[in-house]
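Notes to accompany the following structure.
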Amino acid sequence: MAMVGLFWIAEGDVYVGAKPSGLAPGVRLTPEGVVALGDRQSGVHLWEDVHALTMTDVPVKSLVRQAGVLKDLAVTMVVNLAMPMERADEAPPLMTLRVTSPGTEHELSVYAAAAVGYSPTEVELSRALLARLTEGAATMTTTLTAMSEWGRASEGETPRGAERERLLRSWLG
C-alpha cells in the first residue's frame, strides 16, 4: 500500500484518502464508478453520471501543523509513560469528496492518510487528477489503469515527495 497525493493505492485498488477498514468511511475508484464505503455511506456513483469530483477539507502540510503533530506525539508519550492505560487513538482528519451528478451532489467522507497533511503541490495535482477522471470513459480508464498498474508493480512503500509529484504529473498526462 502506498500514498500518492490524496490517493491510497493498495495493489490494484485506488482509494481517495486512506484505505478504510471496518466501518470507517472511505471511497474506492473502480472502472465502474465511485464506490462509497463504510458506515452511513454506501453505493456506487457510475462514471457516466459523475460530472465532477471535488475534494475539500484537505489538511495542508505546514510548519505549524508539523510542530503540532510532534508536540502531540511528545505529550502522548509522556502521558502514556506516566499513566499507562488503554486509550482510543484519535482519528485522522476527515476530508470530503463531493460527487456531482445531474441535479444532485453527494458528500462522501474519507480519512486523510498523511499525518502532517499533504504538500500544496500534491493537493493541487490530486485535485486536477480527480477532475481528469470525469473527462470521459477513455480518460478515466487510462488514468485508473495507470494508477492500478503502478500499485501492483510498486513495492508497497510510499515514495518520497518528488517521486509522488512525478507520478501524479504522469497520470495527468
Side-chain angles (χ1 to χ4, degrees), residues 1-47 49-50 52-61 65 69 88-99 106-135 137-173:
M1 297 189 291
M3 181 187 71
V4 179
L6 299 178
F7 304 95
W8 191 260
I9 304 170
E11 296 176 6
D13 297 331
V14 178
Y15 297 88
V16 179
K19 179 182 178 183
S21 63
L23 298 176
V27 172
R28 184 172 165 216
L29 304 176
T30 70
E32 293 75 35
V34 179
V35 181
L37 304 166
D39 194 27
R40 295 187 207 121
Q41 68 180 29
S42 64
V44 176
H45 304 278
L46 301 175
W47 286 114
D49 298 330
V50 176
L53 294 173
T54 311
M55 197 68 171
T56 61
D57 308 318
V58 178
V60 178
K61 187 184 297 185
R65 180 179 288 279
V69 168
D89 290 333
E90 285 187 35
L94 273 175
M95 303 185 294
T96 304
L97 179 66
R98 287 195 176 94
V99 181
H106 300 276
E107 290 190 350
L108 305 175
S109 297
V110 300
Y111 283 116
V116 295
Y118 300 92
S119 78
T121 302
E122 283 185 86
V123 172
E124 179 184 324
L125 291 169
S126 296
R127 286 179 169 153
L129 191 53
L130 285 167
R132 180 168 172 71
L133 291 170
T134 64
E135 291 177 357
T139 302
M140 177 277 302
T141 301
T142 303
T143 304
L144 276 182
T145 298
M147 294 171 82
S148 294
E149 286 176 355
W150 177 84
R152 282 190 288 275
S154 75
E155 297 294 319
E157 292 183 19
T158 297
R160 311 239 342 122
E163 176 63 10
R164 292 192 307 267
E165 291 176 15
R166 187 197 65 74
L167 282 165
L168 289 165
R169 283 187 178 91
S170 72
W171 296 333
L172 276 167

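For reference, positions follow the sequence shown, starting with 1. What you see is a predicted model, and the numbers here were worked out from it, not measured in a lab.
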If every non-hydrogen atom of [X] is compared with every non-hydrogen atom of [Y], which pair is closest and at what distance?
X	Y	result
P92	A112	CB-O, 3.6 Å
A10	Y15	CB-CE1, 4.4 Å
S148	G12	OG-O, 2.8 Å
W47	P31	CD1-O, 3.2 Å
T158	A2	OG1-CA, 3.6 Å
E165	S119	OE2-OG, 4.0 Å

Rounded to the nearest 0.5 Å, what separation is found between the [atom1] atom of [X] and the [atom2] atom of [Y]?
X	Y	atom1	atom2	answer
L172	S126	CG	OG	8.5 Å
M1	I9	CE	CD1	12.5 Å
M95	Y118	CE	OH	4.0 Å
T30	L144	OG1	CG	7.5 Å

Hey, does [Y] have a side-chain heavy atom less than 4.5 Å from the side chain of [X]?
X	Y	value
L130	L97	yes
L94	P25	yes
L133	W171	no
W8	V16	no
T121	R169	yes
V58	R127	yes
Y111	P20	no

_Tell me which one of L129, L108, T134 satisfies side chain to side chain contact (heavy atoms under 4.5 Å, CB included) with L53._
T134
*May I ask you to check whether over 12 heavy atoms, not counting those of E163, lie within 6.0 Å of atom CD?*
yes
*Taking the six-membered ring for Trp, are H106 and H45 parallel (under 30°), tilted (30 to 60°) or perpendicular (over 60°)?*
tilted
*Examine distances only and state if a side-chain atom of R164 and a backbone atom of P159 form a donor-acceptor pair shorter than 3.5 Å.*
yes
_Working for side chain to side chain contact (heavy atoms under 4.5 Å, CB included), residues L37 and V27_ = CA-CA 6 Å; L37 304 166; V27 172; over 6 Å; no
*What residues form a salt bridge (charged side-chain N to carboxylate O under 4.0 Å, His left out) with D13, not counting sequence neighbours?*
R28
*For R98, which residues count as a salt bridge (charged side-chain N to carboxylate O under 4.0 Å, His left out) partner, sequence neighbours excluded?*
E105, E107
*Would you call E135 and R132 a salt bridge, taking side-chain N to carboxylate O under 4.0 Å as the test?*
yes
